[in-house]
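Below: one structure, written as structure tokens.
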Amino acid sequence: MERKGSIVSRANSIGSTSASSVPNTDDEDSDYRQESIKDAYKDRRRRAHTQAEQKRRDAIKKGYDDLQTIVPTCQQQDCSIGSQKLSKAVVLQKTIDYIQFLHKEKKKQEEEVSTLRKEVMALKIMKSNYEQIVKAHQNNPHEGTDQVSDQVKFSVFQGIMDSLFQTFNASISVNSFQELSACVFSWIEEHCKPQTLRDVVRGVLHQLKNPLY
């Protein structure tokens with residue numbers, strides 16, 4: 001009986017050992033699938049990153065190519081570099097210089113436009129004045145047709161000189177020749193400006209107009 005029990009125990013031990021040595025294929029398959037999924041995910045991320053980086057580089061390259069096409073100075077060959085392709089730094093510098101040039105040209109054109117607008121405004125004022133003169137002549141066609149005498153011319157000149165002398169006499173100091181010289185120049189700058197003389201002449205003509213007509 002003891003021998004039979006020993007044989008049974010040994011058989012059970014062998015069976016247990018054999019069962020434990022058999023590999024678990026289900027666990028290995030699961031681990032393999034997980035690793036495959038991880039590798040596929042990493043590969044997709046790597047491809048997406050590579051595509052995004054390539055897209056960014058293409059966009060930058062296109063931007064520089066567009067700048068070289070748009071900026072005139074980038075199209076001009078520099079003798080120092082021959083037929084070599086312009087570097088990105090050179091393209092950017094030429095672009096900056098061209099933008100600054102455009103800003104200066106824009107400012108210059110704005111100043112010219114402002115000057116032209118002033119000239120147009122002055123012409124409109126002159127046109128309005130001439131229209132008033134023409135209208136006044138049409139309302140009084142016989143006015144001013146008579147020849148002006150020398151006495152009238154002298155009266156105009158005398159009226160202008162009298163008006164100027166009044167301001168001259170009020171402005172000039174005769175305490176010394178030095179003061180006289182300084183006052184004369186100051187008086188000329190103040191009372192002999194074109195607009196001031198125009199107003200004086202207009203006033204004199206207005207005074208002489210009523211007695212004549």
Worksheet item: Got a sec, which pairs hit side chain to side chain donor-acceptor pair (under 3.5 Å) with one end in residues 97-106, sequence neighbours left out?
Response: Q93-D97, K106-E110
Item to complete: Evaluate the criterion salt bridge (charged side-chain N to carboxylate O under 4.0 Å, His left out) for residue pair K55 and D58; output intermediate values, then yes/no.
Response: CA-CA 5 Å; K55 186 177 180 180; D58 292 342; over 6 Å; no
Item to complete: Search all heavy atoms of W187 against all heavy atoms of T167 and return the closest pair with its distance.
Response: NE1-OG1, 3.0 Å
Worksheet, complete the sentence: Between T196 and H191, the two heavy atoms sitting closest are CG2-O, 3.4 Å
Worksheet item: Does a side-chain heavy-atom distance below 4.5 Å link R202 with L205?
Response: no
Fill in: Shortest non-hydrogen separation from L92 to L67 and the atoms involved
CD2-CD1, 4.4 Å
Discussion item. Applying side-chain contact (heavy atoms from CB on, under 4.5 Å) to V156 and K153, what does each step give before you reach the verdict?
Written reply: CA-CA 5 Å; V156 172; K153 290 191 291 184; 5.8 Å; no
Fill in: K42 bridged to D39 by N-O distance under 4.0 Å
no
Worksheet item: With the 4.5 Å side-chain cut-off for hydrophobic clustering, are F101 and I96 part of the same group?
Response: no
Worksheet entry | Short N-O contact, E53 and R57, less than 4.0 angstrom | yes
Practice prompt. Check the hydrophobic clustering (I, L, V, M, F, W, Y; side-chain heavy atoms under 4.5 Å; chains of links allowed) and say if V201 and F154 are grouped together.
Written response: no
Discussion item. Can you give me the closest heavy-atom contact between K94 and V71, atom names plus distance?
Written reply: O-CG1, 3.9 Å
Worksheet entry | I99 reachable from Y64 in the ILVMFWY side-chain graph, under 4.5 Å edges | no
Response to the item:
d(D162 CG, F157 CZ) to nearest 0.5 Å is 10.0 Å
Practice prompt. Using a 4.5 Å cut-off on heavy atoms from C-beta on, say whether the side chain of K127 contacts that of L123.
Written response: no
Fill in: Cluster check V91, I70: I/L/V/M/F/W/Y, side chain < 4.5 angstrom
no
Response to the item:
Rounding to 0.5 Å, atoms CD1 (I172) and CD (E179) come to a distance of 10.5 Å
Worksheet entry | Within-4.5 Å side-chain heavy-atom neighbours: M121 and R117 | no
Fill in: From E190 atom CD to I188 atom CD1, the distance as rounded to the nearest 0.5 Å
12.0 Å
Worksheet entry | Closest approach of Q68 to K85 (non-hydrogen atoms, all atoms of both residues) | NE2-CE, 4.3 Å
Worksheet item: Any idea which heavy atoms bring C192 and L197 closest together, and the distance?
Response: O-CD1, 3.6 Å
Worksheet item: Between SG of C74 and CG of D65, what distance do you get to the nearest 0.5 Å?
Response: 11.0 Å
Item to complete: Ignoring hydrogens and angles, tell me if any N or O in the side chain of S128 forms a donor-acceptor pair with the backbone of K124 under 3.5 Å.
Response: no
Worksheet item: Okay, side chain of T50, backbone of R46: is any donor-acceptor separation there less than 3.5 Å?
Response: yes
